[in-house]
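Below is one structure; the comments refer to it alone.
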Number of protein chains: 2
Amino acid sequence: MNTQSLPLVLFMDKLKQFLRQIVPISDEEFGKAIPYFEIKNLKKGEYFVHQNKICRQIAFINKGSLKTYYINHKSDEVTSCFCSGHCFVTSYKSFIKQVPSELAIQAMEDVELLVISREGLYKLYDISSIWQTIGRILAENEYLVMEKYASVLNNESAKEKYLRLMEEQPDILQKASVEDIASYLGVTRRTLSRIRKEISNM
Amino acid sequence: MNTQSLPLVLFMDKLKQFLRQIVPISDEEFGKAIPYFEIKNLKKGEYFVHQNKICRQIAFINKGSLKTYYINHKSDEVTSCFCSGHCFVTSYKSFIKQVPSELAIQAMEDVELLVISREGLYKLYDISSIWQTIGRILAENEYLVMEKYASVLNNESAKEKYLRLMEEQPDILQKASVEDIASYLGVTRRTLSRIRKEISNM
DNA sequence: TAAACTTAGGGACATTTGTCCTTTATTTTA
DNA sequence: TAAAATAAAGGACAAATGTCCCTAAGTTTA
């Protein structure tokens with residue numbers, strides 16, 4: 001079946017459910033947004049955002065998982081986030097400041113995204129105050145997510161972070177490489193190997 | 001001289017300068033905000049935000065320096081930020097969600113703050129679209145500051161962080177205790193002592 | 001299918017950091 | 001001002017982590 005020929009609305013149900021957890025939105029109000037979204041399919045390894053390119057879109061993950069990473073001053077790839085399940089993904093700093101993205105966002109498996117451009121989103125803000133509210137809450141959420149991330153970096157050991165990953169995103173442990181998981185935890189592969197051994201002995 | 005009896009406007013000049021770096025604002029527009037601010041003086045050791053209390057204000061630092069800290073799961077105080085110079089301070093998560101603050105914000109020396117309540121700020125949003133813009137940019141800035149913080153946590157060694165502190169906030173090295181600086185760097189006092197020795201031999 | 005390549009696990013040793021403790025200098029209090 | 005309390009520096013050893021390997025298993029390519 002060629003999914004591209006089906007009406008877009010059929011693919012936007014998860015998004016509607018997701019938004020209704022944030023703010024009550026009628027079918028009518030939601031309907032206004034449909035023309036501004038489009039489907040984007042990525043194969044494993046392809047990029048939603050390239051490093052050093054300006055990020056001009058926000059994506060909602062309909063299916064699949066992605067990782068975000070950057071290159072540090074030792075030229076290592078550092079994984080900063082595993083994105084799976086139904087949520088928004090963007091390189092937020094690049095998106096709001098329209099500067100080149102330090103982050104790359106890459107598909108870890110085939111993914112289906114619902115994508116809206118910055119221009120489209122701003123038009124939605126103009127035509128609908130509920131979308132303005134959604135935009136503000138989205139921004140606040142980005143702050144809260146980042147604060148949580150910083151708190152985890154500050155307070156949890158690599159082992160605790162690994163256990164959290166097992167708990168919250170067990171699928172990622174299958175889909176990501178040892179290198180990616182280790183850099184996400186902030187340790188070397190060798191230490192990750194020790195952590196896994198410790199956990200298997202618990 | 002009793003500073004309390006002088007007109008508030010005399011104390012708000014630094015704030016005006018600070019805002020004009022963000023957005024052009026006329027004297028008239030700025031004047032509208034004056035009634036919503038008040039001066040708050042804190043002695044060394046006193047708190048602007050208490051842990052577990054809801055934060056209902058934002059402060060602009062007119063004079064002095066503060067630190068933000070929280071208690072981690074090992075019951076250690078962890079310093080997360082040293083605030084000095086002219087900038088805004090608040091426990092942002094608590095402020096936007098109106099939940100008890102994990103952070104405490106404490107004066108490291110006598111400080112003079114310009115304080116606006118959440119209600120006052122929201123009223124300013126209503127009466128002036130430029131203040132709405134300021135509010136949004138403030139929120140985006142909080143995101144960017146937190147992202148920067150996370151990036152430093154992720155990418156810099158304790159020694160690099162110490163050198164950055166020497167560079168960017170040298171006054172803090174005098175005002176904060178060894179414990180505070182060490183927990184800010186994410187190491188023990190012992191390691192900070194080694195870092196200082198290393199740097200003095202450079 | 002065999003050879004080449006990639007990936008994960010783990011051994012051996014070096015380096016870094018933490019823990020515990022003592023010494024010294026500085027500040028506070030009686 | 002002397003005694004007590006607090007704060008910072010650093011020694012000695014233990015624990016954790018990194019570096020540099022090698023091996024084995026799985027995957028890709030000729």
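Chain naming here is simple, since letters A, B, ... match the order of the sequence lines and numbering starts at 1 in each.
Heavy-atom distances under 4.0 Å link DNA chain D to no residue of residues 166-175 of chain B.
Of the possible donor and acceptor atoms, one in the side chain of B:T90 sits under 3.5 Å from a partner among the backbone N and O of B:Q57. Remark: the backbone N or O of B:Y125 is not paired with any side-chain donor or acceptor of B:S128 at under 3.5 angstrom.
Proximity of B:I58 to B:V89: side-chain heavy atoms (C-beta onward) are nowhere separated by under 4.5 Å. Contact annotation: the side chain of A:M12 approaches that of A:I34 to within less than 4.5 Å [non-hydrogen atoms, C-beta and beyond].
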Pairs under 3.5 angstrom, nitrogen or oxygen only, protein versus nucleotides 12-18 of chain D, please.
residue : atom : partner : partner atom : Å
D:dA12  : N6   : B:R194  : NH2          : 3.4
D:dG18  : OP2  : A:T188  : N            : 3.3
D:dG18  : OP2  : A:T188  : OG1          : 3.0
D:dG18  : OP2  : A:T191  : OG1          : 2.2
D:dG18  : N7   : A:R194  : NH1          : 3.1
D:dG18  : O6   : A:R194  : NH2          : 2.7

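Of the candidates A:S91, A:S101, A:S80, A:T68 forms a side-chain hydrogen bond (donor to acceptor under 3.5 Å, both in side chains) with just one, namely A:S80. Shown are B:K161, B:K148, B:R164; of these, the salt bridge (charged side-chain N to carboxylate O under 4.0 Å, His left out) with B:E156 is made only by B:R164.
Relative ring orientation between A:F88 and A:F60 is described as perpendicular, the plane-to-plane angle rising above 60° on a 0-90° scale split at 30° and 60°.
As a whole-Å value, the separation of B:R189 CZ from D:dA7 P is 9 Å. In this structure, the CD1 atom of B:I195 is 13 Å from the P atom of D:dG10, given to the nearest Å.
In summary, the aromatic rings of B:F37 and B:F11 are positioned with their centroids too far apart to meet the 6.0 Å limit.
A cation-pi contact, defined as under 6.0 Å to the ring centre and within 45° of the axis, links A:R118 to A:F95.
Side chain to side chain, B:E77 and B:S183 fail the donor-acceptor criterion of an N or O pair below 3.5 Å.
Protein chain A contacts DNA chain C over a range whose 5' and 3' limits, counting nucleotides with an atom under 4.0 angstrom from a non-hydrogen atom, are C:dA8 to C:dA12.
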